[in-house]
Amino acid sequence: MSLPGHVYIAEFSEGVIKVGFSGNPHLRIKQVKMASGRKLESFWASKKVCDGLAFEAQLLAALTEFRVQGEWFSCGFDQAVEAALNLQADHPEWSPEIDEARRKAKKNREDGLISALHAYRLDGIINSCVSTLVWALRLVELREEVALDVLYRDRDQDAPPERAILSILLDRRFCYIHDAGIMCASVVGERVGRAVGWDKAKANELIALISERARMIAEESERLSMSDLDAAMA
């Protein structure tokens with residue numbers, strides 16, 4: 001997926017390195033810092049590039065041998081930054097002109113998608129399904145932060161390492177995210193199925209269009225916070 005933004009590298013206490021991608025890396029690292037409870041030691045962010053996700057994927061691959069879990073690594077901060085700088089030259093820098101061209105392309109794609117959805121003449125059902133999936137997609141973004149929070153909590157309590165995965169899977173917040181995702185998918189499937197008379201081909205086509213529209217909206221939405229998750233569970 002081609003998405004403009006910054007790749008960032010953050011060194012936390014005990015020499016743990018976090019690599020990630022964000023349109024606002026400084027805000028994102030504050031969220032990671034809050035979720036992990038660790039002290040931020042060093043921070044680097046790339047220039048804004050047109051294909052930030054591809055850049056991030058390359059950097060993650062380059063640091064594979066140092067991976068601890070997910071986007072967390074045990075290599076040195078300078079080593080990670082050097083690897084990022086070597087890769088950065090291969091990724092075009094973002095510019096207003098490029099952004100405008102992409103905006104127009106996205107608008108054309110969005111207009112085509114909306115037209116395809118409206119051809120079903122089921123606006124009420126479509127809108128409710130899109131809203132349901134947007135919520136689910138934004139909620140799923142918090143899984144990593146919940147998992148990290150559990151891992152650090154268990155470590156502080158001297159829990160055995162082998163208990164880490166079980167602790168994550170049984171965590172109330174993680175279970176809520178998992179269950180909410182299944183529920184949202186089920187609700188959308190049921191509503192769409194009824195709307196098209198349980199025609200499998202039409203249902204699959206409509207669900208694909210709804211899912212694509214939801215992804216586009218979710219990408220432009222403000223990221224949820226852990227406090228948002230706590231409020232949803234209250």
Side-chain angles (χ1 to χ4, degrees), residues 1-8 19-31 45-60 71 87-144 177 180-181 184-185 187-196 199-225 228 232:
M1 182 178 180
S2 179
L3 191 66
H6 308 265
V7 169
Y8 64 83
V19 174
F21 163 80
S22 176
N24 187 338
H26 294 282
L27 174 61
R28 176 63 184 136
I29 210 61
K30 286 181 180 179
Q31 295 172 334
S46 72
K47 62 186 180 182
K48 187 175 184 179
V49 296
C50 296
D51 54 347
L53 285 178
F55 183 6
E56 179 199 30
Q58 283 189 320
L59 182 56
L60 292 174
E71 298 178 342
L87 293 169
Q88 185 172 238
D90 297 330
H91 299 276
E93 187 171 1
W94 174 90
S95 69
E97 294 75 21
I98 291 176
D99 192 55
E100 177 62 16
R102 292 195 173 199
R103 188 194 65 77
K104 289 181 179 179
K106 179 179 179 296
K107 181 67 165 56
N108 291 336
R109 174 168 156 256
E110 186 173 22
D111 287 345
L113 177 60
I114 292 174
S115 295
L117 285 168
H118 283 192
Y120 279 89
R121 301 185 183 279
L122 301 168
D123 289 359
I125 291 173
I126 288 170
N127 290 336
S128 66
C129 288
V130 168
S131 298
T132 299
L133 289 184
V134 168
W135 165 251
L137 289 170
R138 293 176 67 203
L139 196 59
V140 164
E141 292 178 344
L142 291 173
R143 284 186 304 186
E144 180 187 354
I177 292 173
C184 289
V187 167
V188 170
E190 175 72 17
R191 288 178 180 172
V192 169
R194 288 203 311 267
V196 299
D199 182 313
K200 186 174 181 180
K202 287 184 178 179
N204 287 341
E205 181 181 1
L206 183 52
I207 288 173
L209 292 170
I210 288 172
S211 299
E212 177 64 13
R213 178 66 177 144
R215 279 193 293 269
M216 293 177 69
I217 295 174
E219 286 175 2
E220 298 173 353
S221 302
E222 184 179 353
R223 186 181 177 91
L224 292 177
S225 66
D228 292 321

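Throughout, numbering of the chain's residues begins at 1 and tracks the sequence.
- Using modelled atom types, no side-chain atom of Asp51 and backbone atom of Ala54 make a donor-acceptor pair closer than 3.5 Å.
- Note that CD1 of Ile114 and NZ of Lys107 are 7.5 Å apart. Values are rounded to the nearest 0.5 Å.
- Atom CD1 in Ile177 sits 10.5 Å away from atom CD in Glu141 (nearest 0.5 Å).
- In this structure, Leu209 CG and Glu205 CD are separated by 5.5 Å, a value rounded to the nearest 0.5 Å.
- Taken from CZ in Phe21 to CD in Glu71, the straight-line distance is 11.0 Å, to the nearest 0.5 Å.
- Residues Arg194 and Glu190 are paired through a salt bridge, judged by an N-O separation under 4.0 Å between the basic side chain and the carboxylate.
- Here the shortest heavy-atom pairing between Ala214 and Val134 reads O-CG2, 3.6 Å.
- Atom OH of Tyr8 and atom CD1 of Ile29 lie 4.5 Å apart (nearest 0.5 Å).
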Discussion item. Applying side-chain contact (heavy atoms from CB on, under 4.5 Å) to Leu137 and Arg215, what does each step give before you reach the verdict?
Written reply: CA-CA 7 Å; Leu137 289 170; Arg215 279 193 293 269; 3.9 Å; yes

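- The CD1 atom of Ile210 lies 9.0 Å from the CG atom of Asn127; values are rounded to the nearest 0.5 Å.
- Residue Ile207 forms a side chain to side chain contact (heavy atoms under 4.5 Å, CB included) with just one option from Val192, Val196, Leu133, and that option is Val192.
- A 4.5 Å side-chain heavy-atom check between Leu206 and Leu117 finds at least one atom pair inside the cut-off.
- You'll find the side chain of Arg28 stays beyond 4.5 Å of the side chain of His6, heavy atoms only.
- His91 is not listed as a side-chain neighbour of Val7, based on a closest heavy-atom distance of 4.5 Å or more.
- Every side chain to side chain donor-acceptor pair (under 3.5 Å) that Arg213 has, sequence neighbours left out, goes to Glu110.
- By the 4.5 Å heavy-atom criterion applied to side chains, Ile125 and Cys129 are counted as neighbours.
- Under the side chain to side chain donor-acceptor pair (under 3.5 Å) criterion, Asp228 pairs with Ser225, sequence neighbours left out.
- For CZ of Arg143, the number of neighbouring non-hydrogen atoms (other residues, nucleotides, ligands) closer than 6.0 Å is 12 at most.
- For Lys48, the NZ atom is densely surrounded, since the number of other residues' heavy atoms within 6.0 Å is greater than 12.
- In terms of modelled atom types and a separation under 3.5 Å, the side chain of Gln88 and the main chain of Lys47 share a donor-acceptor contact.
- Under the rule for a side chain to side chain donor-acceptor pair (under 3.5 Å), the partners of Ser128 that lie at least two apart in sequence or sit in another chain are Arg191.
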